[in-house]
Amino acid sequence: MDMIRNDWTIEEIGTIYHTPLLELIAYAANIHRRYHSYREIELSTLISIKTGGCPEDCAYCAQSARYATHVDEPQEMSKEEIIARAKELKSKGIPRVCLSAAWRQLPPNKFDEILEVIRIIKNMGMKVCLTMGKISADQAKQLAEVGITAYNHNIDTSENFYPKIITTRTFKSRLETIYRLIEAGIPHCCGGIIGLGESEKDRISMIHTLATLPKHPFTIPINALMPIEGTPLEQNKPVSTWELVRVIATVRVVMPTTHIELAAGRIQLNDEAQALCFMAGANAIFVGDKLLTAPNPSENNDIRLLNLLGVKQPYADKMNLKVIDI
Ligand code: SAM
Ligand code: SF4
């Protein structure tokens with residue numbers, strides 16, 4: 001039976017999601033190995049080119065201008081600073097950067113500069129992703145021409161729960177940008193967060209929305225909420241490993257070829273929890289001590305863990321770090 005389907009019903013996804021956990025992990029692992037290798041995990045590093053001062057009110061986000069968080073005055077990196085940062089990452093062997101900006105939508109007056117930066121970084125032999133909010137059809141066309149690897153635009157949760165988390169935009173407007181990306185032929189990176197206060201039904205619904213897009217996302221970031229002081233969700237309790245693994249395994253079963261990014265919240269996971277997430281199908285991580293504004297496991301710690309798990313990673317030797325033989 002062809003495993004790549006876009007006509008999943010919500011009942012089917014619910015049945016998969018509620019499979020007894022060890023069975024579900026084994027099922028997901030079996031599918032994972034048909035389409036991916038446990039020796040490979042995609043590495044990329046986020047560069048926050050515009051941090052803070054975002055007009056949106058995402059209840060989880062430190063960068064929203066609405067909340068008094070540890071992220072204060074908005075900061076923008078110059079073109080030279082972005083290139084220098086990319087060069088530094090390239091020298092460590094990091095193959096891909098994701099340029100992020102806390103904008104509601106990519107401002108037209110910044111667009112040409114962003115295109116130029118993308119060209120320069122690509123000419124350095126690196127892959128470039130973007131996550132900069134809504135984009136117009138014309139911007140999508142030009143981003144396709146310049147050849148970005150993917151554009152990130154998360155739906156974050158179910159359509160039903162979305163208005164409880166974000167009120168300055170709609171779930172529908174998020175999907176409009178995803179459809180624009182698909183039309184322009186740009187691989188879309190679209191996922192979400194668990195631990196927002198959503199129900200299991202919401203998680204299943206979010207996965208159903210992703211699995212029934214005309215094209216499955218190139219990458220699905222699965223974030224575990226990191227409660228940020230000053231945001232409306234600051235008191236939320238962190239999700240358990242078991243919930244995270246269940247979501248990852250379900251995504252893997254219904255979208256076998258998609259890369260699944262074990263994204264924010266990884267610092268809250270020990271080695272065994274991360275290994276279980278990889279077992280269940282996660283095969284991409286952000287490396288570097290910081291995500292956009294939140295902490296991430298250190299590079300050395302990641303090299304140690306990936307080495308321990310037998311994952312080939314290009315950057316250990318280039319960082320002339322002692323690659324520990326286990
Ligand atoms: N500003 C762009 C946007 O919102 O599309 C991209 C910024 S960043 C890639 C946004 C994503 O990071 C969110 O969609 C969410 O999935 C994740 N994120 C942000 N704050 C988080 C938090 N406190 N805990 C976990 N994930 C978080
Ligand atoms: Fe702005 Fe993105 Fe943060 Fe939402 S998640 S507040 S859009 S930076």
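In this text, all values refer to a predicted model and were calculated from it rather than measured experimentally. Residue numbers count from 1 along this sequence. When a ligand or atom number is given, it counts from 1 through the structure's own listing order.
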> Thinking salt bridges, do E145 and K141 make one under a 4.0 Å N-O criterion?
Replying inline: yes
>> Between R85 and E88, does any NZ, NE, NH1 or NH2 come within less than 4.0 Å of an OD or OE carboxylate oxygen?
In response: yes
Can you list the atoms of ligand 2 that are under 4.0 Å from a heavy atom of [X]?
X    : value
A102 : 8 (S)
Y60  : 5 (S)
C58  : 4 (Fe), 5 (S), 6 (S), 7 (S)

> Looking at Y17, is R246 sitting on its ring face, NZ or CZ under 6.0 Å from the six-membered ring centre and within 45 degrees of the normal?
Replying inline: yes
> What do you reckon, does C54 put a non-hydrogen atom under 4.0 Å from ligand 1?
Replying inline: no
>> So for A224, does at least one of its heavy atoms come nearer than 4.0 angstrom to any atom of ligand 1?
In response: yes
> Between Y38 and H32, how do the two ring planes meet: parallel, tilted or perpendicular, split at 30° and 60°?
Replying inline: tilted
Which protein non-hydrogen atom lies closest to [atom], naming both residue and atom, and how far is it?
atom                    : answer
atom 24 (N) of ligand 1 : M226 N, 3.0 Å
atom 27 (C) of ligand 1 : I193 CD1, 3.8 Å
atom 8 (S) of ligand 1  : L292 CD1, 3.4 Å
atom 7 (S) of ligand 2  : R169 NH1, 3.2 Å
atom 2 (C) of ligand 1  : T131 OG1, 3.7 Å
atom 10 (C) of ligand 1 : N154 ND2, 4.5 Å
atom 3 (Fe) of ligand 2 : C61 SG, 2.3 Å
atom 4 (O) of ligand 1  : R174 NH2, 3.4 Å

So, [X] versus [Y]: side-chain donor-acceptor pair below 3.5 Å or not?
X    : Y    : value
D202 : S199 : yes
N300 : D302 : no
N236 : Y60  : no

> Just which atoms of ligand 1 are under 4.0 Å from any heavy atom in N152?
Replying inline: 9 (C)
>> Under a 4.0 angstrom heavy-atom cut-off, which atoms of ligand 1 come close to L225?
In response: 24 (N), 25 (C)
>> Can you confirm whether R169 sits close enough to I166 that some side-chain heavy atom of one is under 4.5 Å from a side-chain heavy atom of the other?
In response: yes
> For atom 19 (C) of ligand 1, which of Y60, F286, W103, Y151 has the closest heavy atom?
Replying inline: Y60
> Which residue from A101, C190, S100, A264 reaches closest to atom 1 (N) of ligand 1 through any of its heavy atoms?
Replying inline: A101
> For atom CZ of R33, is the number of surrounding heavy atoms from other residues, nucleotides or ligands below 6.0 Å larger than 12?
Replying inline: no
> When you look at NZ of K164, are more than 12 heavy atoms from neighbouring residues, nucleotides or ligands closer to it than 6.0 Å?
Replying inline: yes
> Do any N/O/S atoms of C54 come under 2.8 Å of atom 1 (Fe) of ligand 2?
Replying inline: yes
> Say you draw a straight line from CD1 of I193 to CD1 of I165; how long is it, rounded to the nearest 0.5 Å?
Replying inline: 8.0 Å
> Taking both backbone and side-chain atoms of N223, is any N or O found less than 3.5 Å from an N or O belonging to ligand 1?
Replying inline: yes
>> Heavy-atom distances under 4.0 Å decide this one: backbone, side chain, both or neither, for D156 against ligand 1?
In response: side chain
> So among N270, I285, D271, V311, which one has a side chain to side chain contact (heavy atoms under 4.5 Å, CB included) with L305?
Replying inline: D271
